[in-house]
Amino acid sequence: MKLHIYGAMKSYKSLRPLRMHMPGHKAHRSMLAYFKDAAKDITELSFSDCLESPDGVIARAEQDIAEILGAAKSHVLTDGSTAGVYALVYLAKKRGGRLAIARNSHKSVYNACAVLGVEPYLLKTNERDGVLLPPAAADVEEAFKRENIGAVLVTSPDYFGNVADLAALSRVCRRYGKLLLADGAHGAALRFDADEKESYAGNFADAWVDGAHKTLPTLTQGAILNLRDEALEEDAEDALNLFRTTSPSYLVMASVEYGVKFMQEKGAALTDALRRQLNFIRAKLKKRGIAFYKHSHTLTLAIDFSAAGIPAAAALEELSRRKVFAELENGRYVLFYLSPLTPPSSLGRLYRAIASVWRMRSLRTGKVQDTSYVSGVKRFAYLTALSLAHEYVPLEECVGRIAARCAGVTPPCYPVVVAGEQITPQAAAALCAAPHTFGVREGKIAVVRMGGKA
């Protein structure tokens, strides 16, 4: 495969150059002892192009990526999918009106709305087996009839592998002349999956983000913003100039190009082999009565340990003790996050670990966290709530108060409390039980201070 960015980095290293430029480590031997690829870590030089206005190796890499992904234009990101999400919200803002989103949108969607002054419209929340689902096309159409909405931003797929009916959503958006935007951070690999390629966001969205580092052989923070229509390019460039770093990692950029091109060559075969083995493991789990989430379209496996009376946190801890490290637990499920690069042979070890933990009577406390989702009653518009005077109160005392900021569990990084809503007992309990959160400071949460001064 032809790797434009990596080729430039490798050629520079071979020159044994005099490094009178950033970064400050200068590929010193003390650095190379710990980070052997530091010699390829460069900045914008005469031969290495510039991500802000590419016309060389980066431009050629982005053109190749766009062709492979079916986009009119692709932009490499080194700030994770978050920079791409901010660009999507910027596109929505330029078209006016509110932005329709799913409640379980990533925190970056809510943050971008706050920064850009876009009022989000939370679409109807549907749930299946304790997991929030993408919005239905009928709910989006109802929102168009009721509100002044300029665009829809859906997460597809989500952490648990649920995919939106993008074909139906696209038809509705076209009928009403609205933009369909997709946070496809978890779905880059779908483009190369023979069984699920129709679920790829790029088949239908006007603009979408691929979180390359999540499912492709790409370094962490590598992502891609893709456009179906070049008419969106000017606004997209404006957005990236606002939100993307001016010091992009060439190592990350090179790995994005590599990840996409590697998957073009080998992704279909690798995905097919892993999916076959994953389906075999799922069949074994079902035969043994081990509960799992059955609706995933991606390479994920979520075990429902609550069905065995085992708290998910306890199962996660025991699995870690056995050197099996999962992506997350949410009180009910432990989620194992695979990719086409996961060796199919490793699933046997995973199955044995799951089955062993499932049998452990010492973990069956019966005290399993209630993960049913109850939305708080909306009292203020989102942007209004952010502007009001607020105070921090202990989580144990927040039920019934109105949230002044979003708060949630990390991961999966979507709010269980949305600013402007009255906090429910379920939301407070979820935040109390989570080891890592956002929007919580030392066990306290921001709530609107009624009658106070800003």
Side-chain angles (χ1 to χ4, degrees), residues 5 22 43-44 48-56 58-59 61-63 65-66 69 71-101 105-121 149-155 178-185 201-202 205-213 220-250 252-253 256 382-383 386-387 405-406 413-415 419 438:
I5 302 173
M22 295 182 285
T43 186
E44 295 90 347
S48 61
D49 207 355
C50 175
L51 185 58
E52 291 194 81
S53 56
D55 60 5
I58 297 174
E62 290 184 331
Q63 182 177 356
I65 290 169
L69 299 182
K73 186 74 174 179
S74 293
H75 295 272
V76 171
L77 309 173
T78 64
D79 322 85
S81 297
T82 294
V85 166
Y86 270 64
L88 295 181
V89 177
Y90 184 89
L91 293 176
K93 179 180 176 64
K94 296 293 285 187
R95 274 132 193 92
R98 301 176 69 179
L99 173 63
I101 66 173
S105 296
H106 190 266
K107 62 177 283 190
S108 60
V109 175
Y110 290 89
N111 290 344
C113 285
V115 169
L116 291 167
V118 175
E119 184 66 40
Y121 177 89
I149 291 172
V152 180
L153 197 164
V154 297
T155 302
K178 311 297 184 181
L179 279 183
L180 176 58
L181 311 171
D183 176 1
D206 296 298
W208 71 100
V209 176
D210 281 323
H213 73 94
T220 297
Q221 290 186 249
I224 310 160
L225 172 65
N226 303 290
L227 308 175
R228 173 175 293 277
D229 186 351
E230 287 202 52
L232 299 173
E233 174 64 7
E234 183 177 350
D235 288 340
E237 287 188 356
D238 287 345
L240 293 176
N241 283 334
L242 287 172
F243 301 119
R244 193 167 57 182
T245 180
T246 58
S247 300
S249 165
Y250 272 75
V252 173
M253 281 195 286
V256 172
Y382 176 71
L383 295 179
L386 296 180
S387 69
R405 300 288 185 271
C406 291
C413 296
Y414 62 77
F438 64 89

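Heavy-atom basis, side chains included; hydrogens, waters and symmetry copies ignored.
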Review point. With distance as the sole test, does R405 use its side chain to make a donor-acceptor pair with the main-chain N or O of L386 at under 3.5 Å?
Key: yes
Check your understanding: Would a distance-only check, ignoring hydrogens and angles, find a side-chain to backbone donor-acceptor pair under 3.5 Å from E119 to L383?
Key -> yes
Review point. Short question: side chain of D49, backbone of A59 - any donor-acceptor pair under 3.5 Å?
Key: yes
Review point. Looking only at atom types and distance, does a side-chain atom of K178 sit under 3.5 Å from a main-chain N or O of I149, one as donor and one as acceptor?
Key: yes
Review point. Within the distance-only criterion (no hydrogens, no angle test), does the side chain of Y250 pair as donor or acceptor with the backbone N or O of S48 below 3.5 angstrom?
Key: yes
Review point. Is a side-chain donor or acceptor of R98 paired with a backbone partner of P120 at a separation under 3.5 angstrom?
Key: yes
Study note, to complete from the structure: The reported gap from SG in C413 to NE2 in H106 (rounded to nearest 0.5 angstrom) is 4.0 Å
Point to revise | Gap between atom CG of L225 and atom CZ of F243 - 0.5 Å precision | key: 12.0 Å
**Study point:** Main-chain N/O of L180 paired to D206 side chain as donor or acceptor, under 3.5 Å
**Key:** yes
Review point. Side chains of V109 and Y414: closer than 4.5 Å at any heavy-atom pair?
Key: no
Review point. Judged by atom type as modelled, is there a donor-acceptor pair below 3.5 Å linking the side chain of K93 to the main-chain atoms of L116?
Key: yes
Name the atoms and distances for all side-chain donor-acceptor pairs under 3.5 Å in residues 75-92, with sequence neighbours left out.
unit_1, atom_1, unit_2, atom_2, d
H75, NE2, E233, OE1, 3.0
H75, NE2, E233, OE2, 3.2
D79, OD2, T245, N, 3.2

Review point. Is N226 reaching over with its side chain to a backbone N or O of S74, donor-acceptor style, under 3.5 angstrom?
Key: no
